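Working notes for the structure below.
Nothing here was measured: the structure is a model prediction, and the numbers come from that model. Nothing fancy with the numbering, it's 1 onward along the sequence.
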Amino acid sequence: MAKARNMKTSTFTTNPPSPFFHLLPVTPLTTLLFSPKTNRLRHPKLCSKHPLTLSIFYLSLLFSFTFLGISILTLIPFFHNSIPCSTPSPTSSFSSSFLASLSSTVSFNNEDDQPRLSTSAMVPFPAHGAVGNVSEAEREFWQQPNGEGYEPCLDFSLRYRKLSARISKEKRRFLVVVASGGLNQQRNQIVDAVVLARILEAALVVPTLQVNLIWGDESEFSDIFDVAHFKKTLQADVRVVSSLPSTHLMSRQTIENKIPHEVTPQWIHTRFFNQLKREGLLVLKGLDSKLSKNLPPDLQKLRCKVAFHALRFASPVQELGNLLAKRMWIEGPYIALHLRLEKDVWVRTGCLTGLGPEYDDIITKIRESQPEYLTGRVNMSYIQRRLAGLCPLNALEIARFLKALGAPSGARIYSAGGEAFGDSRALQPLVAEFPNLVTKEMLARDGELSPYMNKSSALAAIDYIVSLSSDVFVPSHGGNMGRAMQGHRAYVGHRKFIKPNKRAMLPHFEDASIGDAEFGSIMRELHRKSQGQPEPRGYRRNRDVIAYPVPECMCKHNLKRGGLLVLKGLDSKPSKNLPPDLQKLRCKHLAKRKWIEGPYIALHLWLEKDVWVRTRCLTGLGPEYDDIITKIQESQPEYLTG
């Protein structure tokens with residue numbers, strides 16, 4: 001029985017017979033193969049006494065082998081799919097192969113049902129680039145940044161993987177996390193919830209989304225995210241359950257909501273592990289930005305795995321988002337703007353709307369009646385806040401900025417974000433310069449957005465999906481959406497992301513002596529290095545790995561994409577000593593590392609010295625080398641197989 005259990009994980013199982021054997025006719029051959037107790041070879045007299053039986057036996061034998069050959073040929077695809085070292089077939093170009101390697105469709109292994117990271121990330125439609133006869137400034141505007149060979153790499157350490165075997169099966173300790181805020185704020189807290197569960201070696205209950213008091217959104221996790229995909233993707237890291245088991249429903253529920261900022265894994269473990277071990281349940285609230293941005297490499301990779309792979313949107317939301325993105329993408333390149341012009345943004349930042357005293361008075365009154373919402377520096381005037389880059393760019397400033405960077409007036413723009421305070425008046429300066437501006441409400445057809453009315457998180461998810469596929473993304477102000485988009489666009493190939501340097505550029509907005517040409521030159525120069533190029537997080541350690549995935553979650557690949565990969569004939573003896581599961585893992589890892597580079601050819605080159613000796617062939621390298629081979633052949637003729 002022990003042997004049978006061990007064979008369970010191997011690719012080919014000897015315990016039951018091969019699947020095509022049931023197709024064989026009942027003949028003496030099948031009796032010989034599968035009935036050892038009645039083996040006809042034990043009765044030699046049978047053949048000698050009955051010649052007719054002998055003829056029938058040989059005819060049956062011939063027929064059986066013929067049928068066996070046909071069955072094997074028919075079932076070759078079955079065995080091909082079972083080969084441990086089989087390599088996926090890449091697509092025809094690097095662009096499509098790289099995106100395919102991060103396809104939003106999850107592919108699961110038939111044996112262990114493990115999701116493949118290379119096929120689970122949400123990816124955008126391919127970038128267009130400049131189209132038609134355009135100016136140099138326009139061509140430069142649509143041009144994508146150089147990714148410098150950086151591609152996703154989430155290779156966890158051996159120690160992490162060893163611990164996973166135990167942590168991913170945890171059934172005694174449970175962590176419950178309540179996530180608050182808007183969609184992208186909730187995403188950040190969910191990412192940290194998974195990391196905390198890993199640190200505490202606890203099972204994670206699918207996070208609870210707190211009712212949003214500002215927007216009145218009562219959406220649950222399953223309304224926004226794909227729960228099954230979330231569980232599958234993380235099953236090797238933490239155990240995720242939909243609800244608490246009955247044994248823990250009556251547990252003492254300690255709710256912790258006073259966690260200091262920038263706490264370390266050591267602090268978390270020291271503070272909560274024994275309590276969780278004793279009580280079996282821990283409830284955490286108010287996690288936003290509480291966990292340190294500087295974690296050990298494996299936990300940083302886990303953050304990326306959750307953000308870019310596990311947190312896929314629920315199918316109805318994803319499908320509608322893809323549909324709207326396709327309507328934008330199919331007509332050519334487009335810009336996605338995240339305009340922060342909502343009423344609550346003006347209240348929180350302490351800035352003026354630019355719409356005149358009538359609107360500014362409304363914001364001022366709200367701010368005075370609710371001072372707790374003000375997040376800007378209270379000791380600064382509006383002018384000081386604006387010049388310090390603490391205020392969102394309004395529609396007029398965004399229009400001037402895009403025009404200076406070379407965006408053509410006919411550029412199609414998708415406006416992401418909530419309803420602008422001031423409605424059409426707030427957007428009028430932007431629409432005047434760029435009339436092809438649309439929102440999700442304008443793109444959607446009758447009834448498509450109806451299920452998501454008063455569902456701010458779902459609407460924000462749709463904005464996220466459409467923005468991800470844009471050729472250029474520009475946020476008018478910092479925030480969770482901008483940081484999430486910056487990191488995600490980097491992770492899927494460094495798509496263009498222009499972050500306005502407000503502190504450096506706003507003084508030039510105030511200078512009336514600068515002409516349009518000079519203004520454009522200044523803006524382009526200021527933002528030449530802010531196009532979404534790879535920017536290592538290590539330069540500023542307070543940066544979030546979700547916004548700056550290089551280098552913890554992205555590595556440089558030296559092989560040229562689409563080039564020739566030469567695999568020399570290697571001695572396979574060492575790998576034969578590996579257990580079947582490790583052999584399979586090694587083969588998958590080697591194949592995947594090469595496939596993600598793009599199309600490649602695998603050659604098994606037999607150019608070793610012993611091959612030339614055994615085959616008695618010339619090397620093609622000239623007499624000098626051929627003489628060496630000849631001397632070896634003459635001194636060791638027993639090796640000659642030719």
Would you say that [X] contacts [Y] through its side chain, given a criterion of any heavy-atom pair below 4.5 Å between the two side chains?
| X | Y | result |
| --- | --- | --- |
| W329 | V466 | no |
| L282 | V176 | no |
| P265 | P296 | yes |
| S157 | P297 | no |
| T353 | F421 | yes |
| V178 | Q189 | no |
| I190 | F230 | yes |
| L390 | Q384 | no |

Please round to the nearest 0.5 Å and tell me the distance separating atom [atom1] of [X] and atom [atom2] of [Y].
| X | Y | atom1 | atom2 | result |
| --- | --- | --- | --- | --- |
| T439 | L337 | OG1 | CG | 12.5 Å |
| L430 | L339 | CG | CG | 6.5 Å |
| L341 | D423 | CG | CG | 11.5 Å |

State which residues pass salt bridge (Lys or Arg N to Asp or Glu O under 4.0 Å) with D463; sequence neighbours excluded, sorted by chain then number. K440

Under the 3.5 angstrom rule, does the side chain of [X] hit a backbone N or O of [Y] as a donor-acceptor pair?
| X | Y | value |
| --- | --- | --- |
| R503 | L387 | no |
| R187 | A307 | yes |
| D471 | A127 | no |
| R385 | M380 | yes |
| E170 | I167 | no |
| K502 | C391 | yes |
| H494 | Q144 | no |
| S476 | H338 | yes |
| Q300 | K293 | yes |
| D223 | S219 | no |

Within a radius of less than 6.0 Å around [atom1] of [X], do more than 12 heavy atoms belonging to other residues, nucleotides or ligands occur?
| X | atom1 | value |
| --- | --- | --- |
| K499 | NZ | no |
| E220 | CD | no |
| E419 | CD | no |

Side chain to side chain contact (heavy atoms under 4.5 Å, CB included) between L204 and L234, worked out: CA-CA 10 Å; L204 176 68; L234 297 174; 5.9 Å; no

With sequence neighbours excluded, give me every salt bridge (charged side-chain N to carboxylate O under 4.0 Å, His left out) pair touching residues 197-210. R166-E201, R173-E201

Flag the pair [X] and [Y] as a salt bridge only when some basic side-chain nitrogen lies within less than 4.0 angstrom of an acidic carboxylate oxygen.
| X | Y | value |
| --- | --- | --- |
| K258 | E256 | no |
| E552 | R537 | yes |
| D192 | R303 | yes |

Could you tell me which non-hydrogen atom of [X] sits nearest to which non-hydrogen atom of [Y], and how far apart they are?
| X | Y | answer |
| --- | --- | --- |
| R327 | L443 | NH1-O, 3.0 Å |
| R340 | P392 | O-CB, 3.5 Å |
| R367 | V347 | NE-O, 3.2 Å |
| V123 | L468 | C-CD2, 4.3 Å |
| R239 | K169 | CD-C, 4.3 Å |
| H477 | T349 | NE2-CG2, 4.0 Å |

Among R271, K277, R278, find the residue that satisfies the side chain to side chain donor-acceptor pair (under 3.5 Å) test when tested with Q275. R271

Going by the rule side-chain contact (heavy atoms from CB on, under 4.5 Å), which residues pair with [X] if we only count those two or more places apart in sequence or in a different chain?
| X | result |
| --- | --- |
| L352 | D360, Y382 |
| K365 | none |
| K290 | I259, H261 |
| S469 | P124, F125, A325, Y334 |

Under the side chain to side chain donor-acceptor pair (under 3.5 Å) test, which residues partner [X], sequence neighbours left out?
| X | answer |
| --- | --- |
| D226 | R312 |
| R489 | S470 |
| R483 | N480 |
| E342 | none |

Sequence neighbours excluded - disulfide bond (SG atoms under 2.5 Å apart) pairs with any residue from residues 264-307: C304-C553

In terms of relative ring orientation, are F313 and F225 parallel, tilted or perpendicular, with 30° and 60° separating the classes? parallel

Between F308 and Y491, is the gap from one ring center to the other below 6.0 Å? yes

Between H309 and S120, does any side-chain donor sit less than 3.5 Å from a side-chain acceptor? yes

Scan for ring pair (Phe, Tyr, Trp, His ring centres under 6.0 Å) pairs involving residues 157-195, sequence neighbours excluded, and state none if there are none. F156-Y160, F174-H248

Kindly determine whether Y452 and I462 satisfy side chain to side chain contact (heavy atoms under 4.5 Å, CB included), including the steps that lead there. CA-CA 10 Å; Y452 307 111; I462 292 169; 4.3 Å; yes

Using the rule given for side chain to side chain contact (heavy atoms under 4.5 Å, CB included), can you reason through R172 versus L276, listing the C-alpha separation, both sets of side-chain angles and the distance that settles it, and then say yes or no? CA-CA 9 Å; R172 293 169 297 173; L276 182 58; over 6 Å; no

Take V227 and F221, measure what side chain to side chain contact (heavy atoms under 4.5 Å, CB included) needs, and give me the verdict at the end. CA-CA 8 Å; V227 177; F221 188 97; 3.7 Å; yes

Before giving the answer on salt bridge (Lys or Arg N to Asp or Glu O under 4.0 Å), spell out for K305 and D237 the whole-Å C-alpha distance, their side-chain angles and the decisive distance to 0.1 Å. CA-CA 10 Å; K305 185 176 180 179; D237 305 277; 2.4 Å; yes

